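First comes the structure, then the notes that go with it.
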Amino acid sequence: MSPLQRKYVDLIRDATSKWANWDPPIPVKVGSFGTLDRVTGELEVHGNVYDADFQETLDKIDLTLKLKLQQHPPVVGPVEEDFIILTSGAQKRGFSAAPGVDIMGLATASLKADFQFSQGKRGAFLVMHSPRMEYFPPSAVLSQLYNIPALADMYLVTSVFTCPAFSLYLSDKSGEQISLALLASAPIVTPATPLGPNASFSTGIDWWTNASRGILRKGVSKEGEYAFTPLYVLKKRAGWTRKIFRSRDQIERGRNSEDELWVDVDAPWDPLDEDGEEDQIDVYWQYGSGYQDTSD
């Protein structure tokens with residue numbers, strides 16, 4: 001399973017510059033730091049900057065730093081519209097139920113689509129229902145964390161997408177077409193006031209699909225809790241030269257300072273084939289057709 005898991009993560013990263021969580025019920029938290037497993041693409045968490053022991057580390061480094069991370073908790077963004085990510089090898093089409101399919105609620109489902117996949121190559125999709133982002137408060141944390149030695153060789157989760165329902169799919173190269181819909185099996189009561197960061201509500205929803213190939217994973221929180229983390233943003237410290245040579249205007253105005261200091265993480269593996277294995281590129285290819293192997 002590991003190579004295909006890595007293939008899914010790689011496809012989503014190519015499409016979004018963000019990192020996919022193969023196991024969305026396992027939370028990924030803003031502030032977590034660690035390394036990437038080269039085989040699976042999973043984040044191996046070493047700690048979180050909001051942990052008490054990390055705060056102790058900060059206090060020991062510089063008593064004048066005065067960075068109290070508990071005073072700057074992650075910001076919880078508003079609930080967004082349904083979010084569908086398509087990778088190369090996948091196309092979204094208008095939904096059309098196959099003859100003989102009679103599923104209660106299918107006709108009125110607001111989230112439904114057909115997905116066509118290319119033959120001979122892997123494709124993937126990720127669907128998040130009513131997602132919201134959580135992220136570091138701007139201009140309050142990241143610029144100060146840049147100088148912390150404990151994060152020098154670590155990757156840092158700077159934002160996450162959570163949702164009460166998700167579906168992900170990795171195709172099997174057969175050129176299949178599948179249908180997917182989120183059905184409401186009971187009325188959904190919309191609260192009169194905006195949802196707070198810990199809000200929940202009764203959903204009465206569930207996924208329907210006709211998928212019989214590939215790898216499908218899906219989940220729904222019946223209580224409407226934001227229980228799944230299918231996607232997150234991972235950053236690493238930029239090199240010191242990048243920090244030193246920022247323009248004076250950027251330094252004085254603070255323009256893009258956090259983007260300058262923390263940059264996207266590259267994949268830790270070589271280019272992958274369609275089954276998620278690293279391509280073994282012939283080391284002699286670079287010499288061109290004129291290279292001759294003289295070994296016996």
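All values derive from a computational prediction rather than experimental measurement. One-based numbering along the sequence shown.
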Decide, yes or no, whether a salt bridge links Lys236 with Asp264 under the criterion of side-chain N to carboxylate O below 4.0 Å.
no
Salt bridge flag under 4.0 Å for residues Arg38 and Glu278
yes
Within 45° cone of Tyr226 ring axis and under 6.0 Å: Arg132 NZ or CZ
yes
Identify which one of Lys112, Lys218, His129 satisfies the side-chain contact (heavy atoms from CB on, under 4.5 Å) criterion when paired with Leu182.
His129
Please verify the inter-ring angle class for Phe125 with Tyr169; under 30° counts as parallel, over 60° as perpendicular, anything in between as tilted.
parallel
Kindly give the heavy-atom pair with the smallest separation between Thr87 and Ile12, and that separation in Å.
CG2-CD1, 3.7 Å
Classify the ring geometry between Phe95 and Trp208 as parallel (under 30°), tilted (30 to 60°) or perpendicular (over 60°).
perpendicular
With rounding to the nearest 0.5 Å, note down the distance linking CG in Leu231 to CE in Met133.
9.0 Å
Short N-O contact, Asp275 and Lys7, less than 4.0 angstrom:
no
Looking only at heavy atoms, the pair that brings Ala113 and Lys92 closest together is CB-CE, 3.8 Å
Distance check, rounded to the nearest 0.5 Å: Leu58 atom CG versus Asn147 atom CG?
11.5 Å
State whether a side-chain donor-acceptor pair under 3.5 Å links Asp59 with Gln55.
yes
